[in-house]
Amino acid sequence: IDLSFVSSIRINFLTFTGITPLLILYFHLSFKDIFNKPLVYFFVAVTTAFSVFICVTPVDVFTDKMTYFQYLMFGIIVFTLFGLLKAVYLKQRNAKTLLVGSLFLILLSLNDILLSLGWINTTPLVGLGLVAFVMCQNYITYANFTGASLQNEQLNVVLEQQNKELQNFSNSLEKQVDERTLDLEKLNTKLELLANEDPLTGVYNRRGLAVHIEHAKSIQKRSGTPFCIVLIDFDNFKILNDSAGHDVGDLALMKGCEIMQSCVREQDKIGRWGGEEFILLALNTTLKGATVIAEKLRSTIKEKLSEQIE
């Protein structure tokens, strides 16, 4: 027997037996939950053993035994078709396309098996079946790639939208933080005013005035700038309270503070020291100047407050 002829026979049979376990494994990996794993391993082991058998035995030996392999192929075909139909029924991805390609391969493989068994008289067509199967695989690969690209574009759109929403949320949150910070600053300013302000008259309370007195003392020590403190006491205030009532007494204090604030400079500070006692902090003022201011306050309060109270 010519060596090239023997080799061609081996290659011809190995093409058939060698691709079978690969296809079985491919179907199993594509649909792991569909194909029975023990049967898959059994068919793979037997078909691989046949391939090895073809490689190590003479032509007349393995050709004589190939009939058994062809009968085995009937079982493999039924097993594969059943699995593919089940995958289609369960709506597994790419199952329909794979079934179409597999039907071409199976039918044309059956043609070659029946031809080798002498049951029919046709032409070997398994090569065309392989071409059809490969074309279906190419379509599946293209569809997967296209689907992945489309999914990637959709994910990019979603990601971009989420980034915009996140940016808007960040801007909104930053704006809210700024607004809350401003509100907090205003509230702190208001609280500071309330802490340093007499609620009845609106002038400084003792705490608020003490801060300005300490500041004036510090300036006087550092630069020698003079300041004076004028003590103001409303005469006969208790008699007014007892005779006219506390509401009138409160009104007298409020009106008196309004009169004092209209008589002093903007830089001067007026504070309620307690009860009907008030203090005027005259900044950058000598004793002589403070005396003038005090007299002005006394005469103005006496004149205007008496008119307003009456």
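For Leu187, the side-chain contact (heavy atoms from CB on, under 4.5 Å) partners at least two apart in sequence or on another chain are Leu191. With sequence neighbours excluded, the residues that form a side-chain contact (heavy atoms from CB on, under 4.5 Å) with Thr181 are Val177, Glu185. For Arg180, the salt bridge (charged side-chain N to carboxylate O under 4.0 Å, His left out) criterion is met by no residue, not counting sequence neighbours. Residues forming a salt bridge (charged side-chain N to carboxylate O under 4.0 Å, His left out) with Glu266 (at least two apart in sequence, or on another chain): none. Residues that satisfy the side-chain contact (heavy atoms from CB on, under 4.5 Å) test with Asn138, not counting sequence neighbours, are Val134. Residues satisfying the salt bridge (charged side-chain N to carboxylate O under 4.0 Å, His left out) criterion with Asp178, sequence neighbours excluded, are absent altogether.
To the nearest 0.5 Å, atoms CD (Glu165) and OG (Ser170) are separated by 13.5 Å. Note that CD1 of Ile24 is 11.0 Å distant from CD1 of Ile19, once rounded to the nearest 0.5 Å. Expressed to the nearest 0.5 Å, how far CG of Leu72 lies from CD1 of Ile77 amounts to 10.0 Å. The CD atom of Glu303 lies 11.5 Å from the CD1 atom of Ile301; values are rounded to the nearest 0.5 Å. Between Phe145 atom CZ and Asn152 atom CG the span is 9.5 Å, to the nearest 0.5 Å. Rounding to the nearest 0.5 Å gives a distance of 8.0 Å between CE of Met73 and CD1 of Ile106.
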message = I'd like to know whether Trp273 forms a side-chain contact (heavy atoms from CB on, under 4.5 Å) with Asn205, so could you lay out the CA-CA distance, the side-chain angles of the two residues, the decisive distance to 0.1 Å, and finally the verdict.
response = CA-CA 6 Å; Trp273 203 247; Asn205 58 19; over 6 Å; no
query = For Thr17 and Ser51, what are the C-alpha separation, side-chain angles and deciding distance, and is it a side chain to side chain donor-acceptor pair (under 3.5 Å)?
reply = CA-CA 6 Å; Thr17 59; Ser51 298; 3.1 Å; yes
ask   = Does the side-chain contact (heavy atoms from CB on, under 4.5 Å) test come out yes or no for Phe27 and Leu25, once each step is laid out?
value = CA-CA 5 Å; Phe27 291 135; Leu25 286 174; over 6 Å; no
query = Are Thr20 and Ile76 close enough, and set up right, to give a side-chain contact (heavy atoms from CB on, under 4.5 Å), and what steps lead you there?
reply = CA-CA 9 Å; Thr20 301; Ile76 294 175; 4.0 Å; yes
task = Tell me, with the steps shown, if Asn111 and Leu107 meet side-chain contact (heavy atoms from CB on, under 4.5 Å).
result = CA-CA 6 Å; Asn111 172 80; Leu107 290 175; over 6 Å; no
Sequence neighbours left out, cut at 3.5 Å: what donor-acceptor pairs do the side chains of residues 288-295 make with other protein atoms?
from	atom 1	to	atom 2	distance (Å)
Thr291	OG1	Leu287	O	2.8
Glu295	OE1	Arg298	NE	3.3
Glu295	OE2	Arg298	NE	3.4
Glu295	OE2	Arg298	NH2	2.7

Side chains of residues 53-70: which donor-acceptor pairs under 3.5 Å do they make with residues two or more places apart or in other chains?
from	atom 1	to	atom 2	distance (Å)
Thr57	OG1	Phe53	O	2.5
Thr63	OG1	Val59	O	2.6
Thr63	OG1	Asp60	O	3.3
Gln70	OE1	Ser116	OG	3.4
Gln70	NE2	Ser116	OG	2.5

Can you give me every donor-acceptor pair (side chain of residues 87-101, partner residue at least two apart or in another chain, under 3.5 Å) with its distance?
from	atom 1	to	atom 2	distance (Å)
Arg93	NH2	Asn144	OD1	3.1
Asn94	ND2	Asn144	OD1	3.3

Side chains of residues 208-223: which donor-acceptor partners sit under 3.5 Å, not counting sequence neighbours?
from	atom 1	to	atom 2	distance (Å)
His212	NE2	Tyr204	OH	3.1
Ser218	OG	Arg222	NH1	3.4
Ser223	OG	Ile219	O	2.9
Ser223	OG	Thr225	OG1	3.0

Which pairs of donor and acceptor atoms, one on a side chain in residues 29-43, lie under 3.5 Å apart (sequence neighbours left out)?
from	atom 1	to	atom 2	distance (Å)
Ser30	OG	Tyr26	O	2.8
Asn36	OD1	Leu39	N	3.1

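Between Pro226 and Asn284 there is a side-chain heavy-atom pair separated by less than 4.5 Å. Using a 4.5 Å heavy-atom threshold, the side chains of Leu280 and Lys269 count as separate. At least one side-chain heavy atom of Met260 sits less than 4.5 Å from a side-chain heavy atom of Ile232. Put simply, the side chain of Thr80 does not reach to within 4.5 Å of the side chain of Phe82, judged on heavy atoms.
The hydrophobic cluster containing Leu297 does not contain Leu281, counting ILVMFWY residues as joined when their side-chain heavy atoms lie under 4.5 angstrom apart, directly or transitively. The cluster map of Ile, Leu, Val, Met, Phe, Trp and Tyr, joined by side-chain heavy atoms under 4.5 Å apart, puts Val44 and Val78 in different clusters. At a threshold of 4.5 Å between side-chain heavy atoms, the hydrophobic network of Ile, Leu, Val, Met, Phe, Trp and Tyr places Phe104 and Phe74 in two separate groups. Val52 and Val46 are members of different hydrophobic clusters when ILVMFWY side chains are connected at heavy-atom separations under 4.5 Å.
In this structure, Thr300 contributes its side chain and Lys296 its backbone to a donor-acceptor pair below 3.5 Å. Side-chain atoms of Asp198 come within 3.5 Å of backbone N or O of Thr201 as a donor-acceptor pair.
Under the 4.5 angstrom side-chain criterion for Ile, Leu, Val, Met, Phe, Trp and Tyr, Leu22 has no cluster partners at all.
Considering every non-hydrogen atom in both Thr285 and Leu283, the closest pair reads OG1-O, 2.8 Å. Residues Gly275 and Arg272 come closest through the heavy atom pair O-NE, 2.8 Å. Contact between Thr47 and Pro21 at its shortest, heavy atoms only, is OG1-CB, 3.3 Å. When every heavy atom of Ala252 is checked against every heavy atom of Leu305, the shortest pair comes out as O-CD1, 3.6 Å.
In summary, Asp268 and Arg265 engage in a salt bridge, as defined by a charged side-chain N under 4.0 Å from a carboxylate O.
Below 30°, between 30° and 60°, or above 60°: for Phe278 and Phe234 the angle between ring planes is above 60°, a perpendicular geometry.
Counted within 6.0 Å of CG on Asp233, heavy atoms from surrounding residues, nucleotides or ligands total more than 12; the atom is thus considered enclosed.
Counted by atom type alone, Asn171 and Gln167 present one or more donor-acceptor pairs between their side chains at under 3.5 Å.
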